[in-house]
Amino acid sequence: MSTRALPLYVTGFALLVAGCSGGGTPSAAPPSSSNGTPPAASTSAAPTSTQPVTTTQAAPSTKKPAAGAVERYETFLHAVGNQDVSTACEIAAPAAKKAQDEGMGPCESTFPITFSMFSPAQRKALQAATVDRARITESATRVDIPAKAVKSAAKFTDSDLGDAVLELRNGNWYVTD
């Protein structure tokens with residue numbers, strides 16, 4: 001039982017550390033919002049035809065950040081499945097920095113521990129894992145991805161994989177929890 005509990009503990013700790021990292025930059029979100037709205041308002045001549053177009057354009061710009069976050073998280077899952085330390089550490093950089101500050105060591109030497117917590121079958125499944133977008137919660141700069149949203153050939157429990165939070169920082173999405 002202690003062998004089984006160790007991976008759960010390490011995963012939980014890694015996710016906890018990732019979630020505790022803060023310091024998002026709000027400057028990344030406003031350019032996306034301001035790029036979509038002003039051109040529609042300034043180029044339209046008839047108010048009736050402009051309003052439906054503006055409403056239609058607002059929905060895709062809201063979905064666009066979440067799509068980028070989901071793709072980034074899928075890349076992270078694939079990196080874990082492939083045991084790709086550099087990609088996993090880059091996407092989890094804020095959490096890795098916090099873990100290092102708390103004495104865990106550099107990401108490049110500690111992330112392989114996370115890889116070892118998954119069975120070979122689970123790692124293989126993570127190489128092709130996808131995210132069910134219908135199960136995520138999103139805002140302009142934050143996307144919550146529950147473990148149940150991860151679709152793969154292997155079963156993962158909340159304690160195996162954990163829920164993830166991605167935050168938009170300096171134009172890129174990072175796993176922060």
Side-chain angles (χ1 to χ4, degrees), residues 1-33 64-120 122-127 129-131 133 135-150 152 154 156-177:
M1 180 157 171
S2 64
T3 304
R4 187 163 176 84
L6 179 62
L8 298 177
Y9 174 76
V10 174
T11 300
F13 180 78
L15 293 173
L16 175 65
V17 169
C20 293
S21 66
T25 314
S27 63
S32 300
S33 301
K64 208 173 208 180
V70 168
E71 289 169 2
R72 182 94 155 151
Y73 186 61
E74 288 173 346
T75 299
F76 175 77
L77 292 173
H78 301 166
V80 171
N82 290 316
Q83 299 183 51
D84 178 354
V85 173
S86 63
T87 300
C89 286
E90 190 274 324
I91 295 172
K97 174 69 172 119
K98 177 129 176 105
Q100 185 173 352
D101 291 347
E102 292 178 358
M104 292 294 292
C107 184
E108 292 76 13
S109 63
T110 58
F111 219 95
I113 296 168
T114 302
F115 300 152
S116 69
M117 296 180 336
F118 296 105
S119 71
Q122 287 176 318
R123 283 195 305 271
K124 183 173 174 105
L126 286 173
Q127 293 172 2
T130 59
V131 173
R133 286 175 168 84
R135 293 183 173 222
I136 67 171
T137 305
E138 62 186 280
S139 72
T141 59
R142 178 184 165 118
V143 174
D144 295 300
I145 303 175
K148 293 178 181 178
V150 176
S152 72
F156 290 97
T157 65
D158 289 342
S159 58
D160 288 335
L161 194 55
D163 297 345
V165 174
L166 280 82
E167 294 179 6
L168 186 61
R169 297 181 179 188
N170 299 321
N172 288 313
W173 289 96
Y174 293 95
V175 176
T176 59
D177 187 16

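- The minimum heavy-atom distance between Ala79 and Ala88, with the atom names listed, is CB-N, 3.9 Å.
- For Ile136 against Pro146, the heavy-atom pair with the smallest separation is CA-CD, 4.3 Å.
- For the atom pair Ile145 CD1 and Leu77 CG, the distance stands at 8.0 Å (nearest 0.5 Å).
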- Message: Is there a side chain to side chain contact (heavy atoms under 4.5 Å, CB included) between Trp173 and Val70? Walk through the geometry before answering.
- Response: CA-CA 9 Å; Trp173 289 96; Val70 168; over 6 Å; no

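- Residues Phe76 and Thr87 form no side-chain contact, since every pair of their non-hydrogen atoms from C-beta on lies 4.5 Å or further apart.
- With rounding to the nearest 0.5 angstrom, the CG atom of Asp163 is 9.0 Å from the NZ atom of Lys148.
- The shortest distance between side-chain heavy atoms of Arg72 and Thr75 does not fall below 4.5 Å.
- In terms of heavy-atom proximity, Ser152 sits nearest to Ala125 at CB-O, 3.8 Å.
- Interatomic distance, Gln83 CD to Leu126 CG, rounded to the nearest 0.5 Å: 10.5 Å.
- Rounding to the nearest 0.5 angstrom, the gap separating the CD atom in Glu167 from the OG atom in Ser139 is 9.0 Å.
- Considering only heavy atoms from C-beta on, Leu161 comes within 4.5 Å of Phe118 through its side chain.
- The shortest side-chain heavy-atom distance between Ile91 and Tyr73 does not fall under the 4.5 Å cut-off.
- Residue Gln122 holds its CD atom at 12.5 Å from CD of Gln127, rounded to the nearest 0.5 Å.
- Across all their heavy atoms, Leu168 and Ala140 have their closest contact at CD2-O, 4.0 Å.
- A distance of 7.5 Å separates NE2 of His78 from OG1 of Thr130, quoted to the nearest 0.5 Å.
- In terms of heavy atoms, Ala129 sits closest to Val150 at CB-CG1, 4.1 Å.
- Nearest heavy atoms, Ser86 versus Asp84: OG-OD1, 3.1 Å.
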